[in-house]
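Notes follow once the structure below has been shown.
Quick caveat: nothing in here was measured; it's all calculated off a predicted structure.
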Amino acid sequence: MKKVFRSFFLAMMLMLGMMSTSFAAMPEISSDSRYFDFASGCFVLDGNVTVKTDDRTIQADKARVSLVTKEVWADGNIYLEEPGYQIKFTGGNLHAADDTKTAEIKGNVKFERPNITIEAECCSFNWKTKIAEFDNLVEVIKDGKTEVYDVVHYNVVEDKIIDAQ
């Protein structure tokens, strides 16, 4: 019994330590239900998931969030928004990592901005460089015209396609 209590106490201290080291960048997290998985070190969220930082919001049906590695793995009805740049992504699943400053979105990706829509099978968005890379059956809808490509690189800051193949 002592061994079980000691293990539980150490796990709780580890969790509190992890949370306090990342407190300055702590995201707001909400969901219908959640629990902490000690084996993976992640919060497991289910139903109406929202993970919000200062710059972006991720919504999904379910997700796992690591406050230590600052990563989010999300599935189902993905919505990623950066209001400061008026950009929105939707898709099937997402992996976002603070160390690489990227979000990878897969499955019927749709990128929307006031004057352009880009649809593809997958996308990688770097929130430091503000470059979005779209792959697989990329459709660009702009000024009422639709063009199809294999790969498109879009610069959010300059609001333009910088490479299309």
Side-chain angles (χ1 to χ4, degrees), residues 15 18-19 22 25-157 159 161 164:
M15 186 177 86
M18 289 187 293
M19 290 174 67
S22 62
M26 183 84 74
E28 289 179 40
I29 300 172
S30 65
S31 62
D32 291 343
S33 67
R34 79 173 95 167
Y35 66 91
F36 187 79
D37 178 20
F38 287 101
S40 67
C42 292
F43 282 97
V44 179
L45 314 164
D46 193 24
N48 298 306
V49 174
T50 300
V51 179
K52 193 177 226 181
T53 66
D54 292 339
D55 300 330
R56 70 199 50 80
T57 300
I58 298 170
Q59 295 176 326
D61 291 338
K62 53 184 156 180
R64 289 182 303 124
V65 177
S66 171
L67 297 179
V68 175
T69 62
K70 298 180 185 170
E71 289 179 273
V72 177
W73 298 266
D75 289 305
N77 296 308
I78 298 302
Y79 177 83
L80 169 66
E81 178 181 36
E82 255 195 50
Y85 284 92
Q86 294 182 311
I87 57 175
K88 298 175 191 169
F89 294 90
T90 57
N93 62 58
L94 168 141
H95 173 248
D98 193 55
D99 65 339
T100 60
K101 308 292 186 230
T102 59
E104 306 245 349
I105 307 157
K106 295 181 180 175
N108 298 318
V109 176
K110 187 174 187 177
F111 167 81
E112 292 181 284
R113 203 145 189 218
N115 63 343
I116 191 169
T117 300
I118 302 174
E119 297 179 4
E121 198 48 43
C122 55
C123 172
S124 176
F125 175 62
N126 183 307
W127 59 78
K128 184 176 181 183
T129 64
K130 302 297 186 212
I131 304 291
E133 298 179 19
F134 299 89
D135 291 314
N136 291 343
L137 300 171
V138 183
E139 288 187 9
V140 177
I141 304 155
K142 185 172 182 164
D143 301 326
K145 294 187 281 185
T146 301
E147 297 191 38
V148 179
Y149 302 96
D150 290 324
V151 177
V152 168
H153 295 119
Y154 178 80
N155 185 316
V156 170
V157 174
D159 192 19
I161 294 173

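Here the straight-line distance linking atom CD1 of I131 with atom OG1 of T102 works out to 13.5 Å at 0.5 Å rounding. Rounded to the nearest 0.5 Å, atoms CD1 (I161) and OH (Y149) are 5.5 Å apart. Put simply, CD1 on I118 and CZ on F89 are 8.5 Å apart, with the number rounded to the nearest 0.5 Å. Between the CG atom of L80 and the CZ atom of F125 there is a distance of 7.5 Å, given to the nearest 0.5 Å. Atom CD1 of I87 is separated from atom CD1 of I116 by 12.0 Å, given to the nearest 0.5 angstrom. Here CD of Q59 is found 11.5 Å from OG1 of T90. Values are rounded to the nearest 0.5 Å.
With contacts defined as side-chain heavy-atom distances shorter than 4.5 Å, the pair C42/W73 qualifies. A 4.5 Å side-chain heavy-atom check between D159 and Y154 finds at least one atom pair inside the cut-off. Y85 places none of its side-chain heavy atoms less than 4.5 Å from the side chain of D55.
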Are T50 and T57 close enough, and set up right, to give a side chain to side chain contact (heavy atoms under 4.5 Å, CB included), and what steps lead you there?
-> CA-CA 7 Å; T50 300; T57 300; 3.9 Å; yes

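No donor-acceptor distance shorter than 3.5 angstrom exists from the side chain of K70 to the backbone of L67, with no hydrogens or angles considered. Between the R64 side chain and the S40 main chain, no donor and acceptor come within less than 3.5 Å of each other.
When the shell of 6.0 Å around CG of L137 is examined, it contains 12 or fewer heavy atoms from other residues, nucleotides or ligands. Other residues, nucleotides and ligands contribute over 12 non-hydrogen atoms within 6.0 Å of the NZ atom of K142. Counting non-hydrogen atoms of neighbouring residues, nucleotides and ligands closer than 6.0 angstrom, the NZ atom of K106 reaches no more than 12 such neighbours.
Here the closest non-hydrogen pair linking D135 and A120 is O-CB, 3.5 Å. Smallest separation of non-hydrogen atoms from A103 and W127: N-CZ3, 3.7 Å. Among all heavy-atom pairs drawn from S31 and D46, the shortest one is CB-O, 3.9 Å. When all heavy atoms of A60 and A74 are compared, the closest pair comes out as CB-CB, 3.7 Å. Contact between T129 and N126 at its shortest, heavy atoms only, is N-OD1, 2.8 Å. The two atoms that bring R34 and S30 nearest to each other are NH2-CA, 4.0 Å, heavy atoms only.
A salt bridge (Lys or Arg N to Asp or Glu O under 4.0 Å) with E82 holds for exactly one of R113, K88, R56, K128; it is R56.
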